[in-house]
Every structure is written in C-alpha cells, then in structure tokens.
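Heads up, the thing below is written out as structure tokens.
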There are 2 protein chains.
Amino acid sequence: MSAAIRSPQPSPPLTRSVEDYLKSVFHLTSQGGFATTSDIAEMLEVAPPSVSGMMKRLSETGLIEHVPYRGVQLTPQGRRAALQMIRRHRILESYLTSKLGFDWGDVHVEAERLEHAVSEKLIERMADALGEPRYDPHGAPIPTAAGEIEEAELVSLAAAEVGHTVVLQEVSDEHPARLRYLAEQGLRPGVQLTVIDRQPFNGPTTARLGDGTTRVVGQELALLLLCRPADGE
Amino acid sequence: MSAAIRSPQPSPPLTRSVEDYLKSVFHLTSQGGFATTSDIAEMLEVAPPSVSGMMKRLSETGLIEHVPYRGVQLTPQGRRAALQMIRRHRILESYLTSKLGFDWGDVHVEAERLEHAVSEKLIERMADALGEPRYDPHGAPIPTAAGEIEEAELVSLAAAEVGHTVVLQEVSDEHPARLRYLAEQGLRPGVQLTVIDRQPFNGPTTARLGDGTTRVVGQELALLLLCRPADGE
DNA sequence: ACAGGGCATTAGGTTAGCCTAATTATCAGA
DNA sequence: TCTGATAATTAGGCTAACCTAATGCCCTGT
Ligand SMILES: [Mn+2]
Ligand SMILES: [Mn+2]
Ligand SMILES: [Mn+2]
Ligand SMILES: [Mn+2]
C-alpha cells in the first residue's frame, strides 16, 4: 500500500462545550488581539486549567491558534464555526421574542442551551418566518447564513459627548433583571437619546428621549448602552 | 451535631442520556411487564453492558426498579420524568410541523435532540400557540403537563378483520422515508379504511379509503398502522 | 539583574457514558 | 438432571470535561 493522502477527515460534530469555547474566543477577540486563558475561564465559569486543556485540543483540531502564555485566536475554520453559533443564538432569541412572546430578558438563557440542539434547517426556517432579521432583540447584528457579520464602531452612552444626539443600538443581553429595567425605562434599541448632562468622577449621564422625558443612567449601566450617531448628525 | 434528617436532595437535572433511557423503558413497558437489557440496548443503539451500567445508576437514584436478570420498570418518579420527555417530544413535533412547515417524516429526529434542551416554559408556550393539541403529527397522544396520558387499545391494520371499517389513528414516527410514502398514499391519521381483503401467509391487506380508491399494504407496514374501530361500528 | 506577583500550564484525579472481552445466570430441551 | 444457547453482568479501558494543587513563565519595579 502506498501512503495515500488522507482526505480531510469527516470531522465529528462539535460538542456543546467546544461550541461555547469558540463563541467566547470570538467575543473576546472581536476588538483584535488575543483571548487570554483567564478571560475565557471567567466568561465560561470554569477553572483556568480547564481552559488550558481545551485550548490544546482545539489547536490540535485546527479551530484556534494558541500562543502559549499569550492567548488564542480563531483560525478561519474556528471563526466560521463561532459565527454559525452566534447566528443560531441570535435567530433563536429573535424567534422566541417575536413568535412565542418571550420577554427579552429571558431569551438569552434559553438560546444558550438551544443553540447546541437546533439543526441548520430549523434555524433557516425560523429566520425565514421572521423575514431574515438583521438584528436580535438586544440590537446585536445577526451573522448571515454565509458567515458575514456587520461590524459597527459603537460608543457607549457613558462616552457619548454632552450635547450630542445618538441612537441606542445595542444592549448586553446577559442579565434578565437589567433588561427588564431598561425596557421599563423605554431604553430599547432604536430609541434616540440626546445627552444633556454628565456628572464628573464616573457620575451618571442624563439623556432626553424623543418624547421629552429624561433618564439618569449611572456609569455602570451607561457603559453597556452602545450607541451610534443619530442619522442627522 | 445530631444526625440531621437529610432533606430530599436537590436532585441534579437529568442528563440527555438518562432522559433517553427513561423514555425507552417507558415505551418498552407500555404493555406491562419488564423492559429487558437487550431491548433497551437495541432501541438506543448502545451495547448491552452500557445498559446494565446505566440501570444500576438509575435504580440507585430511584428512577427505575431493577430485577437483576429480569429487567426494569419505571418507578412513579421515573414515569413522571419519562412522560415529561414524551410531552416535550410530541409538542415539538407538532410545533415544527404546524408552525414551521416541517415534513412529518423529519420532525422526529429534530425533536429527539431538542427535547433535552427546551425549558418547561418554552414547551408550554408552544403548546399554547398550538391550542393544546392532544395528538402529535403521527397520531400519538400527547401527555398533559400534569403527566396524564391517554391509553387506547388500538389494533394494527394487519390484524383488523376483513369487512370491518376502522380509522387510522397512529403511525410509527421513526422512519422518514416510510412516512413520506404513507403521506403520498393518503394514509394519515384520521383517514377511514374499510378492510376488503387479506392474503394468507402474512400477505398484504387491501383497504378502501373514503374516496373509493384502494390501497394494498404489505404486512410489515400494515403492522405499524394502528387503528381504532370507526365511530359507527 | 533579579525578586515577586500574577497568570498559565502541568500533574493528577473524578464522573458520565460509552466500548470489548470475559464471566455468570437462566431456561429450555434432551 | 444435565447441558448448551442466550442473555445479563462484571471486569477493565477509553474519551470528554471538569476539578484542585503544584509548578513554571513572564514582566515589572527596584
Ligand atoms: Mn451555549
Ligand atoms: Mn442577544
Ligand atoms: Mn417522535
Ligand atoms: Mn432524545
């Protein structure tokens, strides 16, 4: 027998854990640079040695590039897989919210489990039923089925200049209680905000809504409200 | 410290494997009696020793009763868990069929994965959106949220007496191709069938449909078509 | 140049869930 | 009653994912 060229192994499906690690690395490297062991560990709520072990396996399977003691980055293959998971997650959140009456605070947890169990076909049926949405309920862009994702440079409300008018674009989707509070305050993606004051020493930002009412937002929360310049600016 | 009474351990959530084993035991004991190791192994496509090992664990956690070398039965707790999984499975199949345009041949595989990832809340939202359906797309009864399931004594088309009229009630949901064939033939749950002939030596059954057309069904398939007497009989 | 602190990795161990091979129990037929 | 076939269990091993404790690397400040 001559040494046959091994054709690209029919790679086994990724496990739930692997899928979540890839998503973490994607999110932690979205501004460029490396994802560190401890950041991944914190995000996934596992111990650092668990991450080291997984990183070794993932680099052996070609999903990430690991520079020891530096951190990791996704390979093109890893990035494709991560974007597919993010598409699943965000389509699920959208579907649960629009079609099944879920609160936008509750969908993240549900999607975090379902994203590993749905087929490609089911996701595309949901996307179709929704009219191919481009943003999830929290304003995050949904990657296309082909693996493209919109990248916008957003500025947090905590950093928006006083006097400027911005549009709230995206909100972190992790904390149900925080999301419910924001909804009560009318702080949903798409709302227009004019920054009318900011107190010093990391103090609160005051903003006026379209209806003339105002909101005072502490810095911790304001940092999580990602905005883009209003159209007419 | 006095020996405190250990309050009922906050039992960890069941794993995917455990849930599937419980469902198998339920199905295999639905006619009474014990589920055997080899039947479970065949149904789940695992080796018999895997079943023996799992049966030991499940009887330690009180989900099944194991009589060595005889087989297993569900405890009330195991039965509750199994029925919950069957409800999830069948609601999912119904939802995918009615709301997302899935073919009735494809939904089983999809539900087999999703049943382990959906929350109680999601299932109840789906059930609500469907109007609390009582049967899944294959005619199988859906357990209630409280854990009640309808039990009907059905007779297979292969056993229905010649001359009698029956209503097709339920069809095995496991084989996509078979289900597509049945749909083509108009053999869906609810259809009325008059048995007009049966050939000897396990030969085919001939039945007339409501529209006067006839179908010839081999015994293997006829055994899987479960019927009840027509209303007016 | 080097001492620490902090982070990452290695070492070693656990549990769930599977496997194959070896052993043992059960039951039917001679 | 014995004997063989069949089915079940035990023995022993593997991989994925986690953990804690021990060790090693790297950088920064003196
Ligand atoms: Mn997840
Ligand atoms: Mn989201
Ligand atoms: Mn099914
Ligand atoms: Mn299943």
Side-chain angles (χ1 to χ4, degrees), chain A residues 9-25 28-29 33-74 78 81-82 85 112-113 115-117, chain B residues 9-25 28-29 33-74 78 81-82 85 112-113 115-117:
Chain A
Q9 303 277 77
S11 55
L14 305 180
T15 65
R16 189 201 151 128
S17 276
V18 167
E19 289 173 340
D20 281 336
Y21 275 99
L22 293 175
K23 279 203 310 175
S24 287
V25 175
L28 290 168
T29 55
F34 290 87
T36 68
T37 298
S38 37
D39 284 350
I40 298 167
E42 189 189 347
M43 184 168 284
L44 293 176
E45 300 183 87
V46 297
S50 303
V51 177
S52 284
M54 182 63 92
M55 292 307 107
K56 184 174 339 172
R57 282 205 292 130
L58 294 186
S59 57
E60 278 161 8
T61 45
L63 291 160
I64 63 170
E65 198 68 52
H66 184 196
V67 182
Y69 292 97
R70 274 285 124 65
V72 298
Q73 285 183 318
L74 295 172
M85 292 313 296
E112 200 55 58
R113 271 178 291 106
E115 63 190 3
H116 311 287
Chain B
Q9 304 277 75
S11 54
L14 304 180
T15 65
R16 190 201 151 128
S17 275
V18 167
E19 289 173 341
D20 281 336
Y21 274 98
L22 293 176
K23 279 203 311 176
S24 286
V25 175
L28 291 168
T29 55
F34 290 87
T36 68
T37 297
S38 36
D39 284 351
I40 298 167
E42 190 190 346
M43 185 169 284
L44 293 175
E45 300 184 87
V46 297
S50 304
V51 177
S52 285
M54 182 63 92
M55 292 306 109
K56 182 166 351 165
R57 282 204 292 129
L58 294 186
S59 56
E60 277 161 10
T61 45
L63 291 161
I64 63 169
E65 198 69 52
H66 185 197
V67 182
Y69 291 97
R70 276 283 124 63
V72 298
Q73 286 182 317
L74 295 173
M85 293 312 297
E112 199 56 58
R113 272 178 290 105
E115 63 191 3
H116 311 287

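Values in this document were obtained by computation on a predicted structure and should not be read as measured data. The figures here come from the full heavy-atom set of this structure, side chains too, leaving out hydrogens, waters and symmetry mates. In what follows, chains carry the letters A, B, and so on, assigned in the order in which the sequence lines appear, proteins first and then strands, with residues in each chain numbered from 1.
Taking atom CD of residue E42(B) and atom C1' of nucleotide dA8(D), one finds them 16 Å apart after rounding to whole Å. Rounded to an integer number of Å, the gap from CD1 of I40(B) to P of dA8(D) is 9 Å. One interatomic measurement links the two molecules: CE of M55(A) to C1' of dC18(D), which rounds to 14 Å at whole-angstrom precision. Rounded to whole Å, atom C1' of dA7(D) lies 16 Å from atom CG of L28(B). Distance, F34(B) CZ to dA7(D) P: 18 Å, rounded to whole Å. A straight line from NE2 of H66(B) to P of dA7(D) spans 16 Å, rounded to a whole angstrom. Between K56(A) atom NZ and dA16(D) atom P there is a gap of 13 Å when expressed in whole angstrom units. Here the C1' atom of nucleotide dT15(C) and the CE atom of M54(B) are 12 Å apart, to the nearest Å.
Pairs engaging residues 60-72 of chain A under the salt bridge (charged side-chain N to carboxylate O under 4.0 Å, His left out) rule: none recorded [sequence neighbours left out].
Evaluation of the side-chain hydrogen bond (donor to acceptor under 3.5 Å, both in side chains) rule for T36(B) yields D39(B) as partners, not counting sequence neighbours. With sequence neighbours excluded, the residues forming a side-chain hydrogen bond (donor to acceptor under 3.5 Å, both in side chains) with H116(B) are E19(B), D20(B), listed by chain and number. Taking the side chain to side chain contact (heavy atoms under 4.5 Å, CB included) definition, one finds that A35(A) meets it with V25(A), L28(A), T29(A), I40(A), V72(A), sequence neighbours left out. With sequence neighbours excluded, the residues forming a side chain to side chain contact (heavy atoms under 4.5 Å, CB included) with P48(B) are T37(B), A41(B), listed by chain and number.
One finds a salt bridge joining K23(A) and E115(A) here, because a Lys/Arg side-chain nitrogen approaches an Asp/Glu carboxylate oxygen to under 4.0 Å.
Taking side-chain N and O atoms only, Y21(B) has a distance below 4.0 Å to OP1 or OP2 of dC18(C). Under 4.0 angstrom from either OP1 or OP2 of dT6(D) there lies no side-chain N or O belonging to S38(B). A close approach under 4.0 Å does not occur between any side-chain nitrogen or oxygen of T36(A) and OP1 or OP2 of dC7(C). Phosphate contact (OP1/OP2 of dA16(D), side-chain N/O of S17(A), threshold under 4.0 Å): absent.
Remark: the backbone N or O of V46(B) is not paired with any side-chain donor or acceptor of S50(B) at under 3.5 angstrom.
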Polar atoms only, N or O, under 3.5 Å: list the protein pairs with nucleotides 20-27 of chain D and their distances.
unit_1	atom_1	unit_2	atom_2	d
dC27(D)	OP1	R70(A)	NH2	2.3

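Side chain of V46(B), nearest nucleotide from dC18(C), dT9(C), dA16(D): dC18(C).
Contact annotation for S52(A): base contact, defined as any heavy-atom pair under 4.0 Å involving a base atom.
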